[in-house]
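Take a look at the structure below.
Here is the naming used below: chain letters follow the sequence lines, and residue numbers restart at 1 for every chain. Remember, it's a predicted structure, so these values are computed and weren't measured experimentally. All values below come from the heavy atoms of this structure, side chains included, with hydrogens, waters and symmetry mates left out.
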Amino acid sequence: MLDIKLVRDKTDTVIDALEKRGEDTAILSKTLDIENKRRDLLKIVEEQRERRNKLTGEIGKLKKKGEDASSILEDAKKISDEITLKEHKLRELESLASQELLLIPNIPHDSVPVGRDETENIELRAVGKIPEFAFDPRNHWDIGEDTGILDFERASKIAGARFVLYMGAGARLERALINFMLDLHTGEFGYTEIFPPVIVNKEAMTGTGQLPKFENDLFKMENDKKGFYLIPTAEVPVTNIHRNEILNEEDLPVYYAACTPCFRREAGSYGKDTRGLIRQHQFNKVELVKFVKPEDSYDELEALTKNAEEVLKRLGIAYRVVALCTGDLGFAAAKTYDIEIWFPAQGKYREVSSCSNFVDFQARRADIRFKRKGKKGTEFVHTLNGSGLAIGRTLAAVLENFQQEDGSVIIPEVLRPFMGTDRIRP
RNA sequence: GGAGAGGUGGCCGAGUGGUCGAAGGCAGCCGCCUGCUAAGCGGUUGUGGGGGUAAAACUUCACCCAGGGUUCGAAUCCCUGCCUCUCCGCCA
(Lines give C-alpha, C1' and ligand atoms only; values in the text may rest on other atoms or scores of the structure.)
Protein backbone atom coordinates (compact mmCIF):
# COMPACT_ATOMS: atom_id res chain seq x y z
CA MET A 1 0.00 0.00 0.00
CA LEU A 2 0.97 3.58 -0.32
CA ASP A 3 2.19 5.74 2.51
CA ILE A 4 -0.82 7.58 3.84
CA LYS A 5 1.39 10.64 4.22
CA LEU A 6 2.13 10.55 0.53
CA VAL A 7 -1.56 10.30 -0.26
CA ARG A 8 -2.15 13.27 2.02
CA ASP A 9 0.71 15.53 1.04
CA LYS A 10 1.24 14.61 -2.61
CA THR A 11 -2.28 13.89 -3.70
CA ASP A 12 -1.55 15.15 -7.22
CA THR A 13 1.15 12.54 -7.69
CA VAL A 14 -1.23 9.79 -6.69
CA ILE A 15 -4.02 11.10 -8.92
CA ASP A 16 -1.58 11.23 -11.81
CA ALA A 17 -0.53 7.64 -11.11
CA LEU A 18 -4.10 6.39 -11.03
CA GLU A 19 -4.92 8.16 -14.28
CA LYS A 20 -1.91 6.67 -16.02
CA ARG A 21 -3.07 3.24 -14.93
CA GLY A 22 -6.53 3.98 -16.23
CA GLU A 23 -8.03 3.67 -12.78
CA ASP A 24 -10.83 5.68 -11.26
CA THR A 25 -9.55 8.42 -8.97
CA ALA A 26 -12.72 8.61 -6.89
CA ILE A 27 -11.25 6.25 -4.34
CA LEU A 28 -8.75 8.93 -3.38
CA SER A 29 -11.15 11.56 -2.18
CA LYS A 30 -12.98 8.92 -0.18
CA THR A 31 -9.75 7.77 1.41
CA LEU A 32 -8.67 11.30 2.22
CA ASP A 33 -12.01 12.19 3.69
CA ILE A 34 -11.88 9.25 6.08
CA GLU A 35 -8.24 9.92 6.87
CA ASN A 36 -8.91 13.53 7.82
CA LYS A 37 -11.73 12.53 10.10
CA ARG A 38 -9.50 9.93 11.63
CA ARG A 39 -6.73 12.36 12.37
CA ASP A 40 -9.04 14.96 13.84
CA LEU A 41 -10.55 12.43 16.16
CA LEU A 42 -7.19 10.97 17.06
CA LYS A 43 -6.02 14.36 18.23
CA ILE A 44 -9.02 14.80 20.49
CA VAL A 45 -8.73 11.29 21.91
CA GLU A 46 -5.05 11.78 22.67
CA GLU A 47 -5.69 15.01 24.50
CA GLN A 48 -8.33 13.37 26.57
CA ARG A 49 -6.11 10.43 27.31
CA GLU A 50 -3.45 12.81 28.52
CA ARG A 51 -5.90 14.38 30.94
CA ARG A 52 -7.04 11.02 32.15
CA ASN A 53 -3.49 9.87 32.69
CA LYS A 54 -2.85 12.89 34.89
CA LEU A 55 -5.99 12.26 36.92
CA THR A 56 -5.34 8.59 37.47
CA GLY A 57 -1.80 9.45 38.50
CA GLU A 58 -3.14 11.72 41.21
CA ILE A 59 -5.61 9.11 42.34
CA GLY A 60 -2.76 6.70 42.71
CA LYS A 61 -0.77 9.11 44.84
CA LEU A 62 -3.73 9.97 47.05
CA LYS A 63 -4.63 6.35 47.62
CA LYS A 64 -1.10 5.55 48.54
CA LYS A 65 -1.19 8.23 51.20
CA GLY A 66 -4.52 6.88 52.35
CA GLU A 67 -6.36 10.06 51.42
CA ASP A 68 -9.77 10.45 49.89
CA ALA A 69 -9.87 10.65 46.10
CA SER A 70 -13.57 10.53 45.45
CA SER A 71 -13.87 13.98 43.87
CA ILE A 72 -11.21 13.32 41.25
CA LEU A 73 -12.53 9.85 40.79
CA GLU A 74 -15.77 11.19 39.48
CA ASP A 75 -14.05 13.38 36.91
CA ALA A 76 -11.88 10.50 35.87
CA LYS A 77 -14.84 8.24 35.33
CA LYS A 78 -16.59 10.80 33.22
CA ILE A 79 -13.65 11.44 30.94
CA SER A 80 -12.93 7.76 30.73
CA ASP A 81 -16.41 7.05 29.48
CA GLU A 82 -16.03 9.72 26.84
CA ILE A 83 -12.76 8.25 25.72
CA THR A 84 -14.26 4.80 25.37
CA LEU A 85 -16.97 6.15 23.11
CA LYS A 86 -14.56 8.06 20.94
CA GLU A 87 -12.15 5.15 20.77
CA HIS A 88 -14.83 3.00 19.26
CA LYS A 89 -15.51 5.57 16.62
CA LEU A 90 -11.79 5.93 16.04
CA ARG A 91 -11.34 2.22 15.53
CA GLU A 92 -14.08 2.27 12.95
CA LEU A 93 -12.40 5.09 11.07
CA GLU A 94 -9.03 3.38 11.23
CA SER A 95 -10.32 0.18 9.72
CA LEU A 96 -12.21 2.10 7.05
CA ALA A 97 -9.12 4.11 6.19
CA SER A 98 -6.91 1.06 5.87
CA GLN A 99 -9.55 -0.78 3.83
CA GLU A 100 -9.52 2.05 1.33
CA LEU A 101 -5.77 2.34 1.33
CA LEU A 102 -5.41 -1.36 0.54
CA LEU A 103 -7.34 -0.85 -2.69
CA ILE A 104 -5.08 1.85 -4.10
CA PRO A 105 -2.51 0.48 -6.56
CA ASN A 106 1.18 1.30 -6.57
CA ILE A 107 2.60 4.35 -8.30
CA PRO A 108 4.37 3.47 -11.57
CA HIS A 109 8.01 4.44 -11.81
CA ASP A 110 8.89 7.38 -14.07
CA SER A 111 10.59 5.06 -16.53
CA VAL A 112 7.41 3.07 -17.14
CA PRO A 113 5.90 3.84 -20.55
CA VAL A 114 2.46 5.40 -20.38
CA GLY A 115 -0.16 3.38 -22.20
CA ARG A 116 -3.64 1.93 -22.10
CA ASP A 117 -3.12 -1.81 -22.38
CA GLU A 118 -0.74 -4.55 -23.48
CA THR A 119 -0.69 -3.28 -27.05
CA GLU A 120 1.32 -0.31 -25.80
CA ASN A 121 3.98 -2.34 -24.02
CA ILE A 122 7.44 -1.69 -25.38
CA GLU A 123 9.74 -4.37 -26.71
CA LEU A 124 13.20 -3.78 -25.28
CA ARG A 125 15.14 -6.60 -26.88
CA ALA A 126 14.60 -9.79 -28.79
CA VAL A 127 17.20 -12.46 -28.15
CA GLY A 128 17.96 -15.69 -29.96
CA LYS A 129 17.11 -16.95 -33.39
CA ILE A 130 13.54 -17.75 -34.27
CA PRO A 131 13.69 -21.32 -35.61
CA GLU A 132 12.67 -22.16 -39.12
CA PHE A 133 10.93 -25.40 -39.91
CA ALA A 134 10.87 -27.33 -43.15
CA PHE A 135 7.40 -28.51 -42.13
CA ASP A 136 4.43 -27.01 -40.32
CA PRO A 137 5.37 -26.91 -36.66
CA ARG A 138 2.74 -28.51 -34.49
CA ASN A 139 1.16 -27.39 -31.26
CA HIS A 140 2.74 -28.64 -28.09
CA TRP A 141 -0.43 -30.43 -27.01
CA ASP A 142 -0.44 -32.48 -30.18
CA ILE A 143 3.21 -33.29 -29.73
CA GLY A 144 2.60 -34.11 -26.08
CA GLU A 145 -0.29 -36.43 -26.79
CA ASP A 146 1.38 -38.16 -29.71
CA THR A 147 4.48 -38.86 -27.68
CA GLY A 148 2.34 -39.96 -24.76
CA ILE A 149 3.85 -37.55 -22.29
CA LEU A 150 0.88 -35.23 -21.81
CA ASP A 151 -2.63 -36.47 -21.09
CA PHE A 152 -5.27 -33.77 -20.91
CA GLU A 153 -8.23 -36.10 -21.18
CA ARG A 154 -7.36 -38.18 -18.17
CA ALA A 155 -6.45 -35.08 -16.21
CA SER A 156 -9.91 -33.75 -16.82
CA LYS A 157 -11.36 -37.03 -15.61
CA ILE A 158 -9.33 -36.75 -12.43
CA ALA A 159 -9.74 -33.03 -11.80
CA GLY A 160 -11.41 -31.11 -14.59
CA ALA A 161 -10.63 -28.71 -17.38
CA ARG A 162 -7.34 -26.81 -17.25
CA PHE A 163 -5.41 -29.62 -15.62
CA VAL A 164 -2.77 -31.83 -17.11
CA LEU A 165 -1.29 -35.21 -16.39
CA TYR A 166 2.40 -35.56 -17.18
CA MET A 167 3.58 -39.06 -17.85
CA GLY A 168 6.92 -40.74 -18.34
CA ALA A 169 9.35 -38.48 -20.17
CA GLY A 170 6.89 -35.60 -19.70
CA ALA A 171 7.03 -35.86 -15.94
CA ARG A 172 10.78 -36.26 -16.19
CA LEU A 173 11.07 -33.19 -18.42
CA GLU A 174 9.06 -31.13 -15.96
CA ARG A 175 11.41 -32.22 -13.19
CA ALA A 176 14.46 -31.64 -15.36
CA LEU A 177 13.41 -28.06 -16.02
CA ILE A 178 12.82 -27.46 -12.33
CA ASN A 179 16.20 -28.85 -11.37
CA PHE A 180 18.02 -27.04 -14.13
CA MET A 181 16.52 -23.70 -13.17
CA LEU A 182 16.95 -24.06 -9.43
CA ASP A 183 20.53 -25.25 -9.81
CA LEU A 184 21.30 -22.27 -12.02
CA HIS A 185 19.82 -19.66 -9.71
CA THR A 186 21.16 -21.11 -6.50
CA GLY A 187 24.48 -22.29 -7.89
CA GLU A 188 25.44 -19.34 -10.05
CA PHE A 189 23.34 -16.37 -9.05
CA GLY A 190 23.37 -16.60 -5.27
CA TYR A 191 19.75 -17.37 -4.49
CA THR A 192 18.88 -19.45 -1.45
CA GLU A 193 16.52 -22.30 -2.22
CA ILE A 194 13.19 -22.26 -0.41
CA PHE A 195 10.41 -24.79 -0.27
CA PRO A 196 7.50 -22.96 1.35
CA PRO A 197 3.93 -23.86 2.28
CA VAL A 198 1.63 -23.66 -0.71
CA ILE A 199 -1.35 -22.96 1.51
CA VAL A 200 -1.26 -19.57 3.17
CA ASN A 201 -3.45 -17.42 5.37
CA LYS A 202 -5.24 -14.20 4.65
CA GLU A 203 -2.52 -12.03 6.15
CA ALA A 204 0.08 -13.41 3.78
CA MET A 205 -2.19 -12.83 0.79
CA THR A 206 -2.82 -9.28 1.95
CA GLY A 207 0.88 -8.67 2.47
CA THR A 208 1.76 -9.24 -1.16
CA GLY A 209 -1.40 -7.60 -2.49
CA GLN A 210 -3.56 -10.48 -3.75
CA LEU A 211 -6.12 -9.62 -1.11
CA PRO A 212 -8.46 -7.88 -0.64
CA LYS A 213 -8.87 -6.89 -4.27
CA PHE A 214 -8.29 -10.14 -6.14
CA GLU A 215 -9.99 -12.78 -4.03
CA ASN A 216 -11.86 -14.00 -7.07
CA ASP A 217 -8.62 -15.18 -8.71
CA LEU A 218 -7.75 -17.45 -5.82
CA PHE A 219 -8.70 -20.92 -4.67
CA LYS A 220 -9.95 -20.75 -1.12
CA MET A 221 -10.36 -23.58 1.38
CA GLU A 222 -14.04 -23.52 2.21
CA ASN A 223 -13.81 -26.27 4.75
CA ASP A 224 -11.67 -24.33 7.13
CA LYS A 225 -12.67 -21.36 9.20
CA LYS A 226 -9.15 -20.03 9.21
CA GLY A 227 -9.51 -18.92 5.64
CA PHE A 228 -6.66 -20.74 3.97
CA TYR A 229 -5.83 -20.07 0.35
CA LEU A 230 -3.84 -21.96 -2.27
CA ILE A 231 -0.99 -19.79 -3.47
CA PRO A 232 -1.19 -18.36 -7.00
CA THR A 233 2.60 -17.95 -6.98
CA ALA A 234 5.53 -18.62 -4.63
CA GLU A 235 5.85 -14.85 -4.35
CA VAL A 236 3.24 -15.00 -1.62
CA PRO A 237 4.82 -17.38 0.90
CA VAL A 238 8.38 -16.36 0.06
CA THR A 239 7.86 -12.61 0.35
CA ASN A 240 5.98 -13.21 3.59
CA ILE A 241 8.96 -15.05 5.07
CA HIS A 242 10.03 -11.72 6.52
CA ARG A 243 6.61 -10.27 7.30
CA ASN A 244 6.66 -8.25 10.52
CA GLU A 245 10.41 -8.35 10.71
CA ILE A 246 13.17 -5.79 10.96
CA LEU A 247 16.22 -6.94 9.01
CA ASN A 248 19.75 -5.74 9.52
CA GLU A 249 21.32 -3.62 6.81
CA GLU A 250 24.19 -6.07 6.46
CA ASP A 251 21.77 -8.95 5.80
CA LEU A 252 20.57 -7.25 2.62
CA PRO A 253 20.19 -8.05 -0.16
CA VAL A 254 18.37 -11.34 0.45
CA TYR A 255 17.78 -13.56 -2.59
CA TYR A 256 15.40 -16.53 -2.53
CA ALA A 257 14.45 -19.03 -5.21
CA ALA A 258 11.51 -21.39 -4.82
CA CYS A 259 9.74 -23.84 -7.04
CA THR A 260 6.14 -24.45 -6.08
CA PRO A 261 2.90 -25.42 -7.66
CA CYS A 262 0.73 -22.38 -8.35
CA PHE A 263 -3.04 -22.41 -8.30
CA ARG A 264 -5.23 -19.98 -10.20
CA ARG A 265 -8.94 -19.96 -10.77
CA GLU A 266 -8.62 -18.24 -14.14
CA ALA A 267 -12.12 -16.89 -13.71
CA GLY A 268 -13.10 -14.78 -16.66
CA SER A 269 -10.66 -16.38 -19.07
CA TYR A 270 -13.04 -19.02 -20.37
CA GLY A 271 -12.34 -18.60 -24.06
CA LYS A 272 -8.59 -18.15 -23.72
CA ASP A 273 -5.98 -20.81 -24.24
CA THR A 274 -8.41 -23.61 -23.63
CA ARG A 275 -6.02 -26.14 -25.03
CA GLY A 276 -2.53 -27.01 -23.95
CA LEU A 277 -0.31 -26.03 -21.08
CA ILE A 278 -0.55 -22.27 -21.40
CA ARG A 279 -3.34 -21.63 -18.95
CA GLN A 280 -3.80 -24.21 -16.20
CA HIS A 281 -5.41 -24.16 -12.78
CA GLN A 282 -2.27 -25.77 -11.42
CA PHE A 283 1.25 -25.30 -12.72
CA ASN A 284 4.78 -25.28 -11.41
CA LYS A 285 6.90 -22.17 -11.36
CA VAL A 286 10.36 -21.26 -10.18
CA GLU A 287 10.10 -17.89 -8.52
CA LEU A 288 12.89 -15.48 -7.62
CA VAL A 289 12.33 -13.09 -4.74
CA LYS A 290 14.57 -10.29 -3.50
CA PHE A 291 14.62 -8.05 -0.47
CA VAL A 292 16.88 -5.07 -1.08
CA LYS A 293 17.78 -1.57 0.04
CA PRO A 294 15.68 1.14 -1.60
CA GLU A 295 18.59 2.73 -3.45
CA ASP A 296 19.42 -0.60 -5.13
CA SER A 297 16.04 -1.83 -6.21
CA TYR A 298 16.03 -0.74 -9.84
CA ASP A 299 19.50 -2.18 -10.44
CA GLU A 300 18.30 -5.34 -8.74
CA LEU A 301 15.35 -5.49 -11.12
CA GLU A 302 17.69 -5.45 -14.11
CA ALA A 303 19.80 -8.19 -12.54
CA LEU A 304 16.77 -10.29 -11.66
CA THR A 305 15.49 -10.07 -15.21
CA LYS A 306 18.90 -11.08 -16.55
CA ASN A 307 18.90 -14.10 -14.23
CA ALA A 308 15.56 -15.23 -15.64
CA GLU A 309 16.68 -14.58 -19.22
CA GLU A 310 19.75 -16.74 -18.70
CA VAL A 311 17.51 -19.78 -18.40
CA LEU A 312 16.23 -19.24 -21.93
CA LYS A 313 19.65 -18.43 -23.31
CA ARG A 314 20.96 -21.75 -22.06
CA LEU A 315 17.93 -23.64 -23.29
CA GLY A 316 18.49 -21.99 -26.64
CA ILE A 317 14.98 -20.69 -27.15
CA ALA A 318 14.23 -17.29 -28.67
CA TYR A 319 12.58 -14.74 -26.44
CA ARG A 320 11.98 -11.05 -26.04
CA VAL A 321 11.75 -8.69 -23.10
CA VAL A 322 9.02 -6.11 -22.94
CA ALA A 323 8.45 -3.25 -20.54
CA LEU A 324 4.86 -3.18 -19.37
CA CYS A 325 3.10 0.13 -19.85
CA THR A 326 1.17 1.84 -17.07
CA GLY A 327 -2.14 0.39 -18.17
CA ASP A 328 -0.88 -3.20 -18.10
CA LEU A 329 1.09 -2.97 -14.87
CA GLY A 330 0.06 -5.20 -11.99
CA PHE A 331 -1.62 -3.73 -8.94
CA ALA A 332 1.37 -3.88 -6.62
CA ALA A 333 4.17 -3.26 -9.13
CA ALA A 334 6.02 -0.01 -9.75
CA LYS A 335 7.77 -1.45 -12.80
CA THR A 336 7.58 -4.75 -14.63
CA TYR A 337 9.45 -6.51 -17.41
CA ASP A 338 7.78 -9.47 -19.04
CA ILE A 339 9.88 -12.12 -20.70
CA GLU A 340 8.09 -13.77 -23.58
CA ILE A 341 9.16 -17.02 -25.13
CA TRP A 342 8.75 -17.99 -28.78
CA PHE A 343 6.01 -20.45 -29.69
CA PRO A 344 6.49 -21.65 -33.28
CA ALA A 345 3.05 -23.18 -33.77
CA GLN A 346 1.26 -19.99 -32.78
CA GLY A 347 3.96 -17.92 -34.42
CA LYS A 348 4.18 -15.57 -31.50
CA TYR A 349 5.77 -14.84 -28.17
CA ARG A 350 4.01 -15.81 -24.95
CA GLU A 351 4.76 -14.70 -21.41
CA VAL A 352 6.94 -17.03 -19.32
CA SER A 353 8.13 -14.57 -16.75
CA SER A 354 7.11 -11.34 -15.15
CA CYS A 355 9.80 -9.49 -13.20
CA SER A 356 8.69 -6.65 -10.99
CA ASN A 357 9.94 -4.09 -8.56
CA PHE A 358 7.32 -3.42 -5.92
CA VAL A 359 9.47 -0.83 -4.16
CA ASP A 360 8.05 -0.36 -0.65
CA PHE A 361 4.46 -1.23 -1.57
CA GLN A 362 4.47 -4.84 -0.37
CA ALA A 363 6.94 -4.09 2.40
CA ARG A 364 4.57 -1.56 3.89
CA ARG A 365 1.65 -3.97 3.69
CA ALA A 366 3.64 -6.82 5.12
CA ASP A 367 5.66 -4.63 7.47
CA ILE A 368 9.11 -5.69 6.32
CA ARG A 369 11.71 -3.17 7.43
CA PHE A 370 15.44 -2.86 7.89
CA LYS A 371 17.71 -0.87 10.11
CA ARG A 372 20.73 1.00 8.82
CA LYS A 373 23.85 0.65 10.92
CA GLY A 374 24.41 3.68 13.10
CA LYS A 375 21.13 5.31 12.07
CA LYS A 376 18.05 5.76 14.16
CA GLY A 377 14.76 4.29 13.12
CA THR A 378 13.85 1.84 10.40
CA GLU A 379 12.98 1.93 6.71
CA PHE A 380 10.90 -0.32 4.54
CA VAL A 381 12.86 -2.67 2.32
CA HIS A 382 12.09 -2.90 -1.36
CA THR A 383 10.78 -6.23 -2.61
CA LEU A 384 11.09 -7.70 -6.08
CA ASN A 385 10.16 -10.91 -7.72
CA GLY A 386 10.10 -12.61 -11.04
CA SER A 387 9.48 -16.00 -12.51
CA GLY A 388 12.61 -17.81 -13.31
CA LEU A 389 10.61 -19.39 -15.08
CA ALA A 390 7.09 -20.78 -15.38
CA ILE A 391 7.74 -24.49 -15.89
CA GLY A 392 4.65 -25.56 -17.82
CA ARG A 393 4.96 -22.88 -20.45
CA THR A 394 8.68 -23.47 -20.78
CA LEU A 395 8.06 -27.18 -21.25
CA ALA A 396 5.49 -26.40 -23.92
CA ALA A 397 8.00 -24.15 -25.67
CA VAL A 398 10.67 -26.84 -25.51
CA LEU A 399 8.33 -29.29 -27.24
CA GLU A 400 7.41 -26.82 -29.94
CA ASN A 401 10.85 -25.35 -30.58
CA PHE A 402 12.75 -28.63 -30.67
CA GLN A 403 10.19 -30.79 -32.46
CA GLN A 404 11.39 -32.81 -35.41
CA GLU A 405 9.61 -33.78 -38.55
CA ASP A 406 9.48 -37.43 -37.43
CA GLY A 407 7.47 -36.40 -34.36
CA SER A 408 10.32 -36.66 -31.90
CA VAL A 409 11.63 -33.87 -29.72
CA ILE A 410 15.31 -33.16 -29.17
CA ILE A 411 16.18 -32.39 -25.58
CA PRO A 412 18.28 -29.22 -25.13
CA GLU A 413 21.86 -29.93 -24.12
CA VAL A 414 21.58 -28.38 -20.67
CA LEU A 415 18.65 -30.61 -19.74
CA ARG A 416 20.20 -33.90 -20.79
CA PRO A 417 21.99 -34.56 -17.51
CA PHE A 418 18.61 -34.27 -15.82
CA MET A 419 16.72 -36.22 -18.49
CA GLY A 420 19.04 -39.11 -19.09
CA THR A 421 18.20 -38.99 -22.78
CA ASP A 422 18.65 -36.65 -25.71
CA ARG A 423 15.34 -37.25 -27.38
CA ILE A 424 11.68 -37.94 -26.73
CA ARG A 425 10.17 -40.24 -29.30
CA PRO A 426 6.58 -40.97 -30.25
C1' G B 1 -8.23 -35.75 18.22
C1' G B 2 -7.34 -35.95 24.07
C1' A B 3 -4.45 -33.84 28.48
C1' G B 4 -1.18 -30.18 30.34
C1' A B 5 2.41 -25.81 30.26
C1' G B 6 3.53 -21.25 28.31
C1' G B 7 3.80 -16.56 25.13
C1' U B 8 7.36 -9.75 28.49
C1' G B 9 12.47 -5.30 24.99
C1' G B 10 18.16 -7.96 20.09
C1' C B 11 18.55 -12.41 23.60
C1' C B 12 17.87 -14.47 28.79
C1' G B 13 14.69 -13.29 32.62
C1' A B 14 11.82 -10.43 36.96
C1' G B 15 7.28 -8.34 37.52
C1' U B 16 -0.19 -10.59 39.51
C1' G B 17 -4.02 -3.76 39.81
C1' G B 18 -1.31 2.64 40.34
C1' U B 19 4.87 6.49 39.96
C1' C B 20 6.25 0.01 34.61
C1' G B 21 8.26 1.32 28.54
C1' A B 22 8.92 -2.18 32.14
C1' A B 23 14.19 -4.67 37.63
C1' G B 24 18.53 -7.64 36.76
C1' G B 25 21.82 -10.09 33.37
C1' C B 26 23.84 -10.80 28.40
C1' A B 27 24.83 -8.55 23.75
C1' G B 28 25.60 -3.60 21.25
C1' C B 29 27.35 1.50 21.37
C1' C B 30 30.21 5.73 23.84
C1' G B 31 33.90 7.18 27.39
C1' C B 32 37.66 6.24 31.26
C1' C B 33 41.41 3.02 32.68
C1' U B 34 44.86 -0.63 31.55
C1' G B 35 49.72 -2.54 27.64
C1' C B 36 48.46 -7.52 25.88
C1' U B 37 44.67 -11.70 22.32
C1' A B 38 41.03 -9.34 27.92
C1' A B 39 39.17 -7.51 32.47
C1' G B 40 37.30 -3.34 35.53
C1' C B 41 34.43 1.30 36.09
C1' G B 42 30.75 5.01 34.36
C1' G B 43 27.15 6.21 30.79
C1' U B 44 23.98 4.78 26.87
C1' U B 45 20.79 1.57 23.55
C1' G B 46 13.04 -0.45 21.51
C1' U B 47 8.89 0.47 17.75
C1' G B 48 4.93 3.26 15.66
C1' G B 49 1.66 7.69 15.43
C1' G B 50 0.52 13.09 16.47
C1' G B 51 2.54 18.06 17.52
C1' G B 52 7.14 20.79 17.10
C1' U B 53 12.07 22.15 14.42
C1' A B 54 15.80 24.03 8.74
C1' A B 55 17.31 19.65 11.23
C1' A B 56 17.60 18.50 16.24
C1' A B 57 16.14 19.38 21.09
C1' C B 58 11.49 18.97 23.11
C1' U B 59 6.43 17.22 23.92
C1' U B 60 2.36 13.86 23.77
C1' C B 61 -0.32 9.16 22.71
C1' A B 62 0.01 3.98 21.90
C1' C B 63 2.59 -0.75 22.16
C1' C B 64 4.63 -6.42 27.55
C1' C B 65 1.33 -12.56 21.19
C1' A B 66 -3.58 -10.54 18.84
C1' G B 67 -8.63 -8.81 19.57
C1' G B 68 -12.44 -7.68 22.98
C1' G B 69 -13.95 -6.68 28.25
C1' U B 70 -13.75 -5.23 33.77
C1' U B 71 -11.70 -0.74 36.36
C1' C B 72 -10.75 6.10 37.81
C1' G B 73 -6.31 3.15 36.41
C1' A B 74 -4.01 -3.44 33.47
C1' A B 75 2.05 -6.42 31.37
C1' U B 76 -0.74 -7.72 35.90
C1' C B 77 -7.96 -9.63 36.40
C1' C B 78 -11.91 -11.87 32.74
C1' C B 79 -13.34 -13.71 27.65
C1' U B 80 -12.02 -15.17 22.59
C1' G B 81 -8.42 -16.29 19.04
C1' C B 82 -3.46 -17.42 17.35
C1' C B 83 1.19 -19.55 18.18
C1' U B 84 4.97 -22.56 20.79
C1' C B 85 6.35 -26.68 23.92
C1' U B 86 5.43 -31.62 26.58
C1' C B 87 2.69 -36.32 27.03
C1' C B 88 -1.01 -39.77 24.78
C1' G B 89 -3.56 -41.28 20.28
C1' C B 90 -3.38 -41.19 14.92
C1' C B 91 -0.88 -40.51 10.44
C1' A B 92 3.00 -39.60 5.57
**Prompt:** How long is the line joining CD1 of A:Ile246 and P of B:G10, in whole Å?
**Reply:** 7 Å

**Prompt:** Is the closest basic N to carboxylate O distance between A:Lys54 and A:Glu50 below 4.0 Å?
**Reply:** yes

**Message:** Under 4.0 Å, heavy atoms only, any strand: does A:Lys61 hit a base, just the sugar-phosphate, or nothing?
**Reply:** nothing

**Nearest-nucleotide pick for A:Arg52, side chain only, options being B:A62, B:G48, B:G18** = B:A62

**Message:** If I pick the C1' atom on B:A74 and the same atom on B:G17, what distance separates them, to the nearest angstrom?
**Reply:** 6 Å

**Asked** Between B:G15 and B:G89, how far is it from one P atom to the other, in whole Å?
**Response** 36 Å

**Item:** Nearest-Å distance for atom pair NZ/P, residues A:Lys78 and B:U71
**Value:** 18 Å

**Message:** Tell me if the aromatic rings of A:Phe331 and A:Phe214 count as close, with their centers under 6.0 Å from one another.
**Reply:** yes

**Complete:** Looking only at B:C72, B:U47, B:C61, the nucleotide nearest the A:Lys63 side chain is B:C72

**N/O donor-acceptor pair under 3.5 Å between A:Gln403 side chain and A:Glu400 backbone** = yes

**Pairing partner (Watson-Crick or G-U wobble, both distances under 3.5 angstrom) of B:C90** = none

**Prompt:** Any idea which heavy atoms bring A:Thr208 and A:Glu235 closest together, and the distance?
**Reply:** CG2-O, 3.8 Å

**Message:** Strictly by Watson-Crick or wobble contacts shorter than 3.5 Å, is anything paired with B:A75, and which nucleotide is it?
**Reply:** none

**Complete:** To the nearest angstrom, the CG-P distance between A:Leu41 and B:C61 comes to 17 Å

**Request:** Could you tell me the separation between the CG atom of A:Leu55 and the P atom of B:C61, rounded to a whole number of Å?
**Result:** 12 Å

**Message:** How close do A:His382 and A:Ser297 get, counting heavy atoms only, and between which atoms?
**Reply:** ND1-OG, 2.8 Å

**Asked** Does A:Glu74 or A:Thr378 map to a spot on RNA chain B nearer the 5' end, using the closest nucleotide for each?
**Response** A:Thr378

**Fill in**
Taken to the nearest whole Å, CG/A:Asn248 to C1'/B:G10 is 9 Å

**Item:** Contact list for RNA chain B against residues 79-101 of chain A - heavy-atom distance below 4.0 Å
**Value:** A:Ser80, A:His88, A:Arg91

**Message:** Once you apply a heavy-atom cut-off of 4.0 Å, does A:Lys371 come out as touching a base, just sugar-phosphate, or nothing?
**Reply:** sugar-phosphate

**Fill in**
Answer for the Watson-Crick or wobble partner of B:A38, both distances under 3.5 Å, is none

**Request:** Have a look at A:Asn53 and say if it touches a base, only the backbone sugar-phosphate, or nothing, with a 4.0 Å heavy-atom cut-off.
**Result:** sugar-phosphate

**Message:** Across nucleotides 50-55 of chain B, 5' to 3', mark each nucleotide with B, S or - according to how protein heavy atoms within less than 4.0 Å reach it.
**Reply:** SS----

**Prompt:** Who is the Watson-Crick or G-U wobble partner of B:A62, with both distances under 3.5 Å?
**Reply:** B:U47

**Prompt:** Do the side chain of A:Asn385 and the main chain of A:Glu287 share a donor and acceptor less than 3.5 angstrom apart?
**Reply:** no

**Request:** Compute whether any side-chain donor of one residue and acceptor of the other, for A:Gln362 and A:Thr383, lie under 3.5 angstrom apart.
**Result:** yes

**Request:** Quote, to the nearest angstrom, the C1' distance that separates B:C29 from B:G10.
**Result:** 13 Å

**Item:** P-based separation of B:G42 from B:C26 [nearest Å]
**Value:** 12 Å

**Pair partner, B:C20 [Watson-Crick or wobble, under 3.5 Å]** = none

**Asked** Quick one: A:Leu73 CG to B:C72 C1', roughly how many Å, whole number?
**Response** 4 Å

**Asked** Does A:Arg369 or A:Arg49 map to a spot on RNA chain B nearer the 5' end, using the closest nucleotide for each?
**Response** A:Arg369

**Request:** Identify the nucleotide, in any strand shown, that forms a Watson-Crick or G-U wobble pair with B:G4, with both distances under 3.5 Å; if there is none, say none.
**Result:** B:C85

**Request:** Take the angle between the ring planes of A:Phe263 and A:Phe219 and call it parallel below 30°, perpendicular above 60°, tilted in between.
**Result:** perpendicular

**Prompt:** Salt bridge or not for A:Asp360 and A:Arg364, using N-O below 4.0 Å?
**Reply:** yes

**Request:** Write down the distance separating the P atoms in B:U59 and B:G21, rounded off to the nearest Å.
**Result:** 15 Å

**Item:** Stepwise salt bridge (charged side-chain N to carboxylate O under 4.0 Å, His left out) test for A:Glu58 and A:Lys61
**Value:** CA-CA 5 Å; A:Glu58 282 177 46; A:Lys61 276 183 209 152; over 6 Å; no

**Message:** Looking at A:Ser354, is its backbone amide N or carbonyl O close enough to the side chain of A:Ser387 to form a donor-acceptor pair, meaning the two atoms are under 3.5 Å apart?
**Reply:** yes

**Prompt:** Quick one: A:Glu47 CD to B:G49 C1', roughly how many Å, whole number?
**Reply:** 15 Å

**Prompt:** So which nucleotide does B:C33 pair with, by the Watson-Crick or G-U wobble rule with both distances under 3.5 Å?
**Reply:** none

**Prompt:** Using the C1' atom in both, what is the distance from B:U8 to B:A23, to the nearest Å?
**Reply:** 12 Å

**Message:** Rounding to an integer number of angstrom, what distance separates B:U76 and B:G69 when you compare their C1' atoms?
**Reply:** 15 Å

**Fill in**
Scanning all shown strands, the Watson-Crick or wobble mate of B:G10 with both distances under 3.5 Å is B:C26

**Prompt:** Rounded to whole angstroms, how far apart are CG on A:Leu247 and C1' on B:U47?
**Reply:** 15 Å

**Prompt:** Donor-acceptor pair, A:Arg393 side chain versus A:Glu351 backbone, under 3.5 Å?
**Reply:** yes

**Distance between P atoms of B:C78 and B:U60 (Å, rounded)** = 33 Å

